[in-house]
Amino acid sequence: MDRSRLCSLSRLTLCRPVLAMLRAPRGYSGASQGDPGKDVLEMPLPPWKERPNESLDTKRARLLYESRKRGMLENCILLSLFAKENLSRMDERQLNLYDQLINVPSNDWDIYYWATEAKPTPAVFDNEVMAMLKELAKNKKKEQRLRQPDLEYLFESTN
């Protein structure tokens, strides 16, 4: 092939054979009807363990972190806002209920659907903390919630 013809070809045309070899195998998205999802790899999560000797300050700090690092943006925003508004005033029993709520279910979408009342909450998680989360999710003040709150509020004085 002469040099002028080679230079006129697009980069995509030249790279297409290489890109075809690098293409990842098909993954399961659940979008197609009748797809049994046999190619889904389910990885078991370690079981949740209660931490009876954890101090309340350490528990609050851990729950703040776990509320912000969820793996799905919707819960990162919802739970980090909940943590900002509630963790500092929750008692030990409420903190334990919240700990179970965000760490026992293996699917973060379940937590989101329960909080937004798209699906009914299972009895084991239907408690006062879930009621507080549902109330926050209603966003009655119509606040714009596009990102997690900054952490500066942790260092503000309460005077």
Side-chain angles (χ1 to χ4, degrees), residues 19 21-159:
L19 293 174
M21 290 186 301
L22 296 176
R23 190 171 299 145
R26 184 180 80 85
Y28 178 69
S29 68
S32 61
Q33 289 184 341
D35 188 351
K38 290 181 182 176
D39 54 349
V40 173
L41 176 62
E42 297 250 352
M43 295 178 60
L45 295 173
W48 175 78
K49 292 181 183 173
E50 193 169 355
R51 302 172 191 211
N53 297 325
E54 186 175 45
S55 73
L56 289 182
D57 287 339
T58 301
K59 185 182 291 279
R60 283 188 176 96
R62 178 177 56 79
L63 291 173
L64 173 64
Y65 176 83
E66 291 174 350
S67 296
R68 296 178 65 86
K69 305 295 183 188
R70 298 306 306 175
M72 61 177 271
L73 181 60
E74 293 84 352
N75 275 359
C76 288
I77 293 170
L78 182 63
L79 295 177
S80 65
L81 287 167
F82 180 84
K84 177 184 177 183
E85 289 193 17
N86 296 292
L87 286 184
S88 64
R89 57 189 166 103
M90 291 169 75
D91 61 29
E92 185 173 9
R93 185 182 59 75
Q94 291 171 320
L95 290 171
N96 289 334
L97 290 172
Y98 184 64
D99 193 0
Q100 291 172 27
L101 171 65
I102 67 172
N103 288 305
V104 172
S106 62
N107 186 342
D108 255 16
W109 280 110
D110 289 338
I111 299 168
Y112 181 78
Y113 290 142
W114 301 333
T116 59
E117 300 183 76
K119 290 185 177 178
T121 306
V124 68
F125 298 115
D126 200 9
N127 54 49
E128 66 186 280
V129 173
M130 177 54 83
M132 293 163 57
L133 182 59
K134 287 178 180 180
E135 193 61 30
L136 179 86
K138 289 177 184 173
N139 194 12
K140 290 182 177 177
K141 295 179 184 176
K142 305 292 183 207
E143 299 168 321
Q144 191 174 40
R145 297 176 175 174
L146 300 176
R147 62 186 189 88
Q148 296 183 53
D150 294 329
L151 292 174
E152 282 98 18
Y153 72 90
L154 294 173
F155 307 105
E156 295 172 356
S157 67
T158 56
N159 296 338

Checklist entry - Does Trp114 reach the side chain of Leu133, with side-chain heavy atoms less than 4.5 Å apart? => result no
Item to check | Closest non-hydrogen atom pair between Lys138 and Glu117, with its separation | outcome: CE-OE2, 3.3 Å
Checklist entry - When rounded to the nearest 0.5 angstrom, what distance separates OG in Ser88 from CG in Asp57? => result 11.0 Å
Item to check | Shortest non-hydrogen contact between Leu87 and Arg60, atoms and distance | outcome: O-NE, 2.7 Å
Item to check | Straight-line distance of Asp91 CG to Leu56 CG, nearest 0.5 Å | outcome: 9.0 Å
Checklist entry - Shortest non-hydrogen contact from Gln100 to Phe125? => result O-CE2, 3.7 Å
Checklist entry - Mind checking whether Lys59 and Arg62 have side chains closer than 4.5 Å, heavy atoms only? => result yes
Checklist entry - Rounded to the nearest 0.5 Å, how far apart are CG of Asp110 and CG of Leu101? => result 10.5 Å
Next on the checklist: On a heavy-atom basis, which atom in Val129 and which in Gln94 lie closest, and how many Å separate them?
Outcome noted: CG2-O, 3.5 Å
Next on the checklist: Can you confirm whether the side chains of Ser67 and Tyr98 place a donor and an acceptor under 3.5 Å from each other?
Outcome noted: yes
Item to check | Spacing of Lys119 atom NZ and Trp109 atom CH2 [to the nearest 0.5 Å] | outcome: 10.5 Å
Item to check | side chain to side chain contact (heavy atoms under 4.5 Å, CB included) partner of Leu79, chosen from Arg70, Glu66, Glu74 | outcome: Arg70
Checklist entry - Between Thr121 and Lys134, does a side chain to side chain donor-acceptor pair (under 3.5 Å) hold up when you go through it step by step? => result CA-CA 10 Å; Thr121 306; Lys134 287 178 180 180; 3.1 Å; yes
Checklist entry - Between Asp99 and Arg51, does a salt bridge (Lys or Arg N to Asp or Glu O under 4.0 Å) hold up when you go through it step by step? => result CA-CA 10 Å; Asp99 193 0; Arg51 302 172 191 211; 5.3 Å; no
Next on the checklist: For Glu92, is the CD atom crowded, meaning more than 12 foreign heavy atoms sit under 6.0 Å from it?
Outcome noted: no
Item to check | Salt-bridge contact Arg93-Glu128 (side-chain N to carboxylate O under 4.0 Å) | outcome: yes
Item to check | Minimum heavy-atom distance Ser80-Ile77, with the two atoms named | outcome: OG-O, 3.2 Å
Checklist outcome for this item: Here the gap from Arg68 atom CZ to Leu63 atom CG, rounded to the nearest 0.5 Å, amounts to 13.5 Å
Next on the checklist: Nearest 0.5 Å, please: how far is CG in Leu73 from OH in Tyr112?
Outcome noted: 10.0 Å
